[in-house]
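First comes the structure, then the notes that go with it.
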Amino acid sequence: MIRIVQLLCLAGLLLQCEGQGIQTCLSHPTYRPAENADITVVCGTNHMFLKVFICPMYFGGYNESLMALNAKFNVPSCYGVADWTVNPPVLLFNFSISQEALTLCGNNMNITSQVGSGVFSDFSQIQSVNVSGLINSWDPSTSTITYRQQLMYQFSCLYPLQYLVNNTELSVSGVSLAIKDNNGTFISTLGMGLYSTADYTTKLQIPGSGLQLKTRIYVQVKATNLTNKFNVLLDRCYATTSPYPTSSTSYDLFVGCIRDAQTKIDWNGMSQVAHFSFEAFRFVEHKNLSISTFYLHCATRLCENSTCASLLPRCARKREVRSAEADNTSPNVTVSSGPISTRVDSGAPVNSRLTSSASIPQLTYVGVATGLLSFFLFDWMSTSGLAQ
């Protein structure tokens, strides 16, 4: 009985839609068999958007009431919405990539891993998430045979989950009747902010004369307008002497759990915000300059909530100052800070590998030891009469 009622309802919708759409489609160039180019896929950071030419559906004997995501014809939110105001007319689907929405309409989310390469060669697992599904037709024929060819549009969005935060591409692919490639970006969701207080409420103000050495800088990397299925996990953060992440001398603040002595990681992989802090330093190559300017970059991973803990980067990389020209690969994206400038108040050159809070006391101790040695030497010379 329920099946009969469902068939009657669909038949009513079919007649209603046929009357509205068939007149428009009969004279339209897209009133033809379905083709690969009929679908457009947009991979958003929180939603996926599908746009499919509707007149090929009418040509095949269907309409918008007979097309649904993954054959979920009993779920109203899995149907598309026809837009007859555009040319060509299209059937629109818009759904969240949250776990609840994907499950409701039967879409799939699969996370895959591969060996890291390029700027991520230090990491054994680089993950991507693939969101995929179908737009199916439903044949209302009640007889034993049908002359309608089944329509099936397959779509997918491939989101890489690890970034050198700044600029990236998303690859989109489809198969069967719908194969459409498109580029997307996560640049609007991932951002870096510098703060002067441990509660991350006061933005860091860098004076024109530069920050004083050993000033603690608090860094926040945050995702916004991103589905709540993923957290932000920092794999590596480092400083360079130019704005480009791979074109200058660099210094690692931390790689996994190997870190500079003055770097503290406060919050990582636990939410869509990550926090760490470090003390202001100078690059040695700027030793003859009164101000040292550098830029901060973070290789950032988006990890699925339940797997973040197991994906914390391994302590397999030794921190070192290196020339990035040896790395011929270019990053997919860069999330970077603006210029950070530090000064030496005395104006004297800084002659250390990298002036940080670890090296400054060493210079002080050397000065004290030299002074004491001079004092004892002069006293001995006076006693022995050699100073006459």
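For the single chain, residues carry numbers from 1 onward in sequence order.
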For this session: For Ser96 and Ser98, run side-chain hydrogen bond (donor to acceptor under 3.5 Å, both in side chains): C-alpha distance rounded to whole Å, both residues' side-chain angles, the deciding distance at 0.1 Å, then the answer.
Result: CA-CA 5 Å; Ser96 169; Ser98 66; 3.1 Å; yes
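- Remark: the Asn70 side chain and the Asn107 side chain contain an N/O donor-acceptor pair separated by less than 3.5 Å.
- For the side-chain contact (heavy atoms from CB on, under 4.5 Å) with Ile340, the lone residue among Leu204, Thr293, Leu211 that qualifies is Leu211.
- Between Val52 and Ile39 there is a side-chain heavy-atom pair separated by less than 4.5 Å.
- Here the two rings, on Tyr218 and Trp267, have centers that are 6.0 Å apart or farther.
- Contact check for Tyr58 versus Thr24: no side-chain heavy atoms found under the 4.5 Å cut-off.
- Close placement of the Tyr200 and His275 rings is indicated, their centers lying within 6.0 Å of each other.
- Between Cys25 and Trp84, some side-chain heavy-atom pair lies under the 4.5 Å cut-off.
- Between Tyr238 and Tyr251, the ring centre distance reaches or exceeds 6.0 Å.
- Residue pairs meeting the salt bridge (charged side-chain N to carboxylate O under 4.0 Å, His left out) criterion with at least one partner in residues 220-234, sequence neighbours excluded, are Lys229-Glu304.
- Ring geometry for Phe73 against Trp138 counts as tilted: the plane angle lies between 30° and 60°, on a 0 to 90° scale.
- The aromatic ring centres of Phe281 and Phe294 sit less than 6.0 Å apart.
- A donor-acceptor contact closer than 3.5 angstrom is absent between the side chains of Gln150 and Tyr62.
- Defined by atom type and a distance below 3.5 Å, a donor-acceptor pair is present between the side-chain atoms of Asn305 and Asn231.
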